[in-house]
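For reference, the structure I am asking about is given below.
Hydrogens, waters and symmetry mates play no part in the numbers below; they use all other heavy atoms, side chains included. Both ligands and their constituent atoms are indexed starting at 1 by order of listing.
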Amino acid sequence: MLKKHFHKHTEGRKQIRVVIIKPSKYDDEGFVIRHFRGVLPSNTLACLSSLTRDVAERELLGSDVDLQVELFDDTVQKIPVDKIIRSNRPPRRRTIVALAGVQSNQFPRAADLARKFRVGGLQVLIGGFHVSGTLALSKDITPEIRELIDLGVTVVKGEVEESWGAILRDASEDQLRPVYDFLGCKPDLYNQPIPMIHRDYLKKFVISNFGTIDCSRGCPFNCSFCTIINVQGREMRVRSPELLAQTLRENYRRYRINWYFFTDDNFARNTCWRDIFNMLARLREEEGIPIKFMMQVDTQSHKIPEFVSLASRAGCTQVFIGMESINPDNLKAVGKTQNHVKDYRNLIEVWHKVKIATHVAYIFGFPYDTPESIKQDVRRLQNELGVEQASFFMLTPIPGSRDHARMIQSGEYMDPDLNSYDSFHETMRHPNFAPGELEASYRDAWKNFYSFSYMREVLSRAHPENYWNIFFDFIWYKNSALIEGGHPMIHGFFRLKGRTDRRPGFAVESRLRHFSRRFRELKGLVRSWLSLVLEMEELWLQTRIRSDAEIRLLSEIKDLREQLNRNLHAAELQMAHMRARLHFPELRVPSRLALAFRNLNFRMAKRITYSRADLQQFWRRTGRLKMLFLRPDKMVLNLLKDLQLFVLFMRDMART
Ligand code: B12
Ligand code: SF4
């Protein structure tokens, strides 16, 4: 929870508390998807918080009003519904709830929260892509939105940069309208307040020096599955590079935030990209602010003169590319005509040349996909294109897209539960897949792409500056998609399950039942994490960045190994190691090796440097033996070796 008071002296003044909530969604068992730590902080919360602050500073509600804002993110914190309701004490103290950035898959959860707040007598507003997209393409108000309006919830369609003050004024006077429609008058973003990141909120995320900002909105292209063009339009609107610079400086000065995800759908079409890149390069080179960032671009981005080279100079480390499919027939069928498959290889190479990692968005379920083609596509992404990362999605007819409107018209089957519209559930039927088969192919794609051998290949050729970014992404992705069975863009780390926060229709479990469920789940989770940690440790051992000194030492070891075949003693090997240390006083890694050398023979040293395969084999063998045959001395020794490796692994990771 984040609380901001914009006025210090509240006595005798009217108080308006705006509680902005980013709803999560339910899992298949009706529990709210919430994590101990999230990965990507919400830009919508940051954006609406800045707008509220601006309203307060400009005293748009009158000079006698004390405006406060509180932010809650349902994906990483429990929403204290009752406390929020109790804080509403009209007429002097009003609490207004704004359900923000509500996507279709979050709508059922948002609607449940809205109902509770309405029962508690609060004024409730809802905005974001579900209501905006649905109402943009539908002539009538759809039943789920109508139900909320009938409950007295205010629906806000479109962007509110130029109207948030007026809406809050209506709320403060108890005059909220049922629907506000700003789709026809999209705000000019140039001088609007920049989304503001809050330190306390960031503490809920794995990386606390990481922020999100949208530098532009809109996209000129016209893909049939896209909702963005029908809500934010096809004409680009951009934020002022100068205002962005001020915010980036302030974020760094106050909170040391220097890592960003620029959430623009297509940064390559931001008409101010050059000015923004130049500004970022100046912050890095002249002001010493080590900004680095990721951005989303299209498959033509590499052809924009200087775009790629300037992106690199500006601090870009990863591009998220809207590739979607390798099959030209699929691309044609969904109007993604800007994607030219023949040019994909060149696209990836151009980004690689400037050492920027590529991450492709890839959709399964297009008309020409089959279970076999999905397998082939994954192999081609790895072998032909060599992309570092891929995010897979199942094609979903999201309300607000042309696909959705067409399917409504033709009466094709769509899953009636909006909670499933998260791109990792099957929501429609496909002639080439039996029910459930698309989902199975999709799951296999994650498994096959993030295989040990491919991750090793990627990390072995990764630029040292990118190594740990990619490594962490692999952990995040494997945890979300393969352990949690969800989607990396929804899942964070360590799943929490509120017993009583269950979707209507699912019974609230007794304490005993819930705790035994959680115990079982946690046991499974610990096992999965252990094997993930060991897999990643092995990956690190096989691919880690070695210092020049270590490389020299290893080559010396290699020479000695050859000599060892001619009966050289391990003692001589130790001598070589000491010699190498004399030559390279800065040598850090050999001090770990030294430990190994002191106690262990040559084979063990090799093992510590390259792999824990022998240890793995020992534990596997030990696990199969009966108690009687166990060797406690070896077990203790190998346990110590494993612990030592683990500590080294953690230490290397923590250094980044
Ligand atoms: C960046 C991004 C992400 C990031 C999230 C980064 C972050 N945490 O901020 C990541 C990659 C994690 C992500 C994930 C997903 N995303 Co996304 N994402 C976006 C993207 C490209 C930008 C979001 C953004 O910053 N927008 C700018 C903000 C300020 O706009 P806004 O939220 O609409 O808010 C404005 C107005 O709507 C309004 N408003 C919003 N709420 C409210 C409330 C009130 C009361 C009022 C008055 C006004 C108001 O005011 C704001 C200012 O004008 C959008 C597309 C887009 N252009 O918005 C897709 C988008 C929101 N995502 C979408 C989807 C489907 C997903 C995923 C389900 C898919 C997936 N598997 O990846 C997941 C779900 C994750 C989750 N739990 O949120 C869809 C949602 C469509 C829909 N109808 O459901 C979108 C629209 C893209 C698309 N494919 O069409 N996403
Ligand atoms: S390129 Fe991306 S943002 Fe643009 S229309 Fe296509 S899917 Fe939408």
Open item on the list: Under 3.5 Å between any N/O of Q106 and any N/O of ligand 1: does that happen in this structure?
Closed with: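 Between Q106 and ligand 1, an N or O pair is found under 3.5 Å apart.
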Open item on the list: Below 30° counts as parallel, above 60° as perpendicular, anything between as tilted: where do the rings of Y442 and H487 land?
Closed with: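 Ring orientation, 0 to 90° scale: parallel.
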Open item on the list: Quick check on V231 - does any of its heavy atoms sit under 4.0 Å from an atom of ligand 1?
Closed with: no
Task: Side-chain heavy-atom pair H198, M196 within 4.5 angstrom cut-off - done: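 Counting from C-beta outward, H198 and M196 do come under 4.5 Å.
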Open item on the list: So for ligand 1, is Q232 a polar contact partner (N or O within less than 3.5 Å, distance only)?
Closed with: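 Yes: some nitrogen or oxygen of Q232 is under 3.5 Å from one in ligand 1.
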Task: contact_flag G400 ligand 1 heavy-atom lt 4.0 Å - done: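 Not so, G400 does not reach ligand 1.
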Task: Matching residue for D298 among K336, Q338, R269 - test: side-chain hydrogen bond (donor to acceptor under 3.5 Å, both in side chains) - done: R269
Open item on the list: If you take the centroid of each ring, where Trp contributes its six-membered ring, are F36 and F493 closer together than 6.0 Å?
Closed with: no
Task: Atoms of ligand 1 close to H487 [distance to a heavy atom under 4.0 angstrom, numbered from 1] - done: 71 (N)
Open item on the list: If I apply the N/O under 3.5 Å rule, does P41 come out as touching ligand 1?
Closed with: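 So ligand 1 has an N or O lying under 3.5 Å from an N or O of P41.
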Task: Nitrogen or oxygen atoms of I228 and ligand 1 under 3.5 Å apart - done: no
Open item on the list: Need the ligand 1 atom indices (1-based, order shown) with element for anything under 4.0 Å from a heavy-atom of I490.
Closed with: 74 (C), 75 (C), 77 (N)
Open item on the list: Whether K497 and E29 form a salt bridge (side-chain N of Lys/Arg under 4.0 Å from carboxylate O of Asp/Glu) is what I want to check.
Closed with: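 Yes, E29 and K497 are salt-bridged.
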- [ ] Please confirm whether D422 comes within less than 3.5 Å of ligand 1 when only nitrogen or oxygen atoms on both sides are compared.
- [x]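 In this structure, D422 places an N or O atom under 3.5 Å from an N or O of ligand 1.
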Open item on the list: Please list the nearest protein heavy atom to atom 16 (N) of ligand 1 with its residue and the distance rounded to 0.1 Å.
Closed with: Q103 NE2, 3.5 Å
TODO: Would you tell me which option among T44, L189, L48, I167 has the nearest heavy-atom contact to atom 31 (P) of ligand 1?
DONE: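 Closest candidate by heavy-atom distance is T44.
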Task: D214 heavy atom under 4.0 Å from ligand 1 - done: yes
Task: Selection from G158, C47, G211 by shortest heavy-atom distance to atom 36 (C) of ligand 1 - done: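 Nearest heavy atom to atom 36 (C) of ligand 1 lies in G158.
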Open item on the list: Taking D174 first and then R94, would you say they form a salt bridge - that is, a charged N and a carboxylate O separated by under 4.0 Å?
Closed with: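 Answer for the salt bridge query: yes.
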Task: Test item: L122 and I85 side chains (from C-beta on) under 4.5 Å apart, heavy atoms - done: yes
TODO: Could you tell me whether D150 and R146 have a side-chain N and a carboxylate O separated by less than 4.0 Å?
DONE: yes
Task: Residue from R34, K204, K22 passing salt bridge (charged side-chain N to carboxylate O under 4.0 Å, His left out) with D74 - done: R34
Open item on the list: Side chain or backbone, does E161 bring an N or O within less than 3.5 Å of an N or O on ligand 1?
Closed with: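 By distance alone, the answer is yes.
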TODO: Can you label the angle between the W446 ring and the Y450 ring as parallel, tilted or perpendicular, going by 30° and 60°?
DONE: parallel
Task: Which residue and heavy atom of the protein sit nearest atom 1 (C) of ligand 1, plus the separation - done: T263 CB, 3.4 Å
Open item on the list: Going by the closest heavy atom to atom 43 (C) of ligand 1, which one wins out of N230, D264, V156, L99?
Closed with: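 Minimum heavy-atom distance to atom 43 (C) of ligand 1 goes to L99.
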TODO: Going by heavy-atom distance to atom 58 (O) of ligand 1, choose the closest among F129, W164, F392, F261.
DONE: F129
Open item on the list: Please evaluate residues R237 and E161 with respect to the criterion salt bridge (Lys or Arg N to Asp or Glu O under 4.0 Å), reporting the C-alpha separation (whole Å), side-chain torsions for both, the decisive distance (0.1 Å), and the verdict.
Closed with: CA-CA 12 Å; R237 286 162 298 126; E161 269 71 9; over 6 Å; no
Open item on the list: Are F293 and W259 an aromatic pair, judged by ring center distance below 6.0 Å?
Closed with: no
Open item on the list: Give me the nearest non-hydrogen protein atom to atom 71 (N) of ligand 1 as residue plus atom name, then the distance to 0.1 Å.
Closed with: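 Looking only at protein heavy atoms, the one closest to atom 71 (N) of ligand 1 is S423 OG, 2.8 Å.
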Open item on the list: Out of all atoms in ligand 1, which are within 4.0 Å of some heavy atom of Q296? Include the element for each.
Closed with: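 Within the 4.0 Å cut-off of Q296, ligand 1 contributes 21 (C).
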- [ ] Please report how many protein N/O/S atoms lie under 2.8 Å from atom 6 (Fe) of ligand 2.
- [x] 1
Open item on the list: Between D415 and Y421, do the side chains contain a donor N or O and an acceptor N or O under 3.5 Å apart?
Closed with: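 No.
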Task: Close aromatic pair by centroid cut-off 6.0 Å: F364 and Y362 - done: yes
Task: Ring centroid separation W273 to F307 under 6.0 Å - done: yes
Task: For A100, the ligand 1 atoms whose distance to one of its heavy atoms is below 4.0 Å - done: 41 (N), 42 (C), 43 (C)
- [ ] Of the side chain and backbone of N43, name the one, both, or neither that has a heavy atom under 4.0 Å from an atom of ligand 1.
- [x] both
- [ ] Return a yes/no value for V160: is any of its N or O atoms, backbone included, closer than 3.5 angstrom to an N or O of ligand 1?
- [x]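 Yes, V160 has an N/O under 3.5 Å of an N/O on ligand 1.
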Task: Nearest non-hydrogen protein atom, atom 21 (C) of ligand 1 - done: D265 OD1, 3.0 Å
Task: Side chain proximity check, D417 to H425, heavy atoms < 4.5 angstrom - done: no
Open item on the list: Quick check: do N419 and R503 have side-chain heavy atoms less than 4.5 Å from each other?
Closed with: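 They are in side-chain contact.
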Open item on the list: Considering non-hydrogen atoms of the protein only, which is the closest contact for atom 81 (C) of ligand 1, and what is the distance?
Closed with: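 Protein heavy atom at minimum distance: I398 CG2, 3.6 Å.
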Open item on the list: I'd like to check whether T227 has a polar contact with ligand 1, where a contact means an N/O of the residue lying under 3.5 Å from an N/O of the ligand.
Closed with: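 By distance alone, the answer is yes.
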Task: Residue pair D403 / S401, side-chain donor-acceptor N/O under 3.5 Å - done: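 No, no side-chain donor-acceptor contact under 3.5 Å.
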Task: Option among Q103, Q106, E144 that satisfies the side-chain hydrogen bond (donor to acceptor under 3.5 Å, both in side chains) test with H130 - done: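 Of all the options given, the one that passes is E144.
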- [ ] May I ask you to identify the nearest protein heavy atom to atom 10 (C) of ligand 1, giving residue, atom name and distance to one decimal place in Å?
- [x]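 Going by distance alone, atom 10 (C) of ligand 1 is nearest to L40 CD1, 4.2 Å.
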TODO: Answer yes or no for atom 79 (C) of ligand 1: protein heavy atom present at a distance under 4.0 Å?
DONE: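 It does not: no protein heavy atom is found less than 4.0 Å away from atom 79 (C) of ligand 1.
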Task: For atom 75 (C) of ligand 1, the protein heavy atom that lies nearest, with its residue and separation - done: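 Going by distance alone, atom 75 (C) of ligand 1 is nearest to M489 O, 3.1 Å.
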- [ ] Have a look at F424, F182, F393, F225 and point out the one with the heavy atom closest to atom 70 (C) of ligand 1.
- [x] F393
TODO: For atom 29 (C) of ligand 1, find the nearest protein heavy atom and state the residue, atom name and distance (0.1 Å precision).
DONE: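 Atom 29 (C) of ligand 1 sits closest to the protein heavy atom R217 NH2, 3.5 Å.
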Open item on the list: Before we go on, tell me: are the rings of Y477 and H359 under 6.0 Å apart, centre to centre?
Closed with: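 Yes.
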Task: Side chains of Y344 and N339 in contact at under 4.5 Å (non-hydrogen atoms) - done: yes
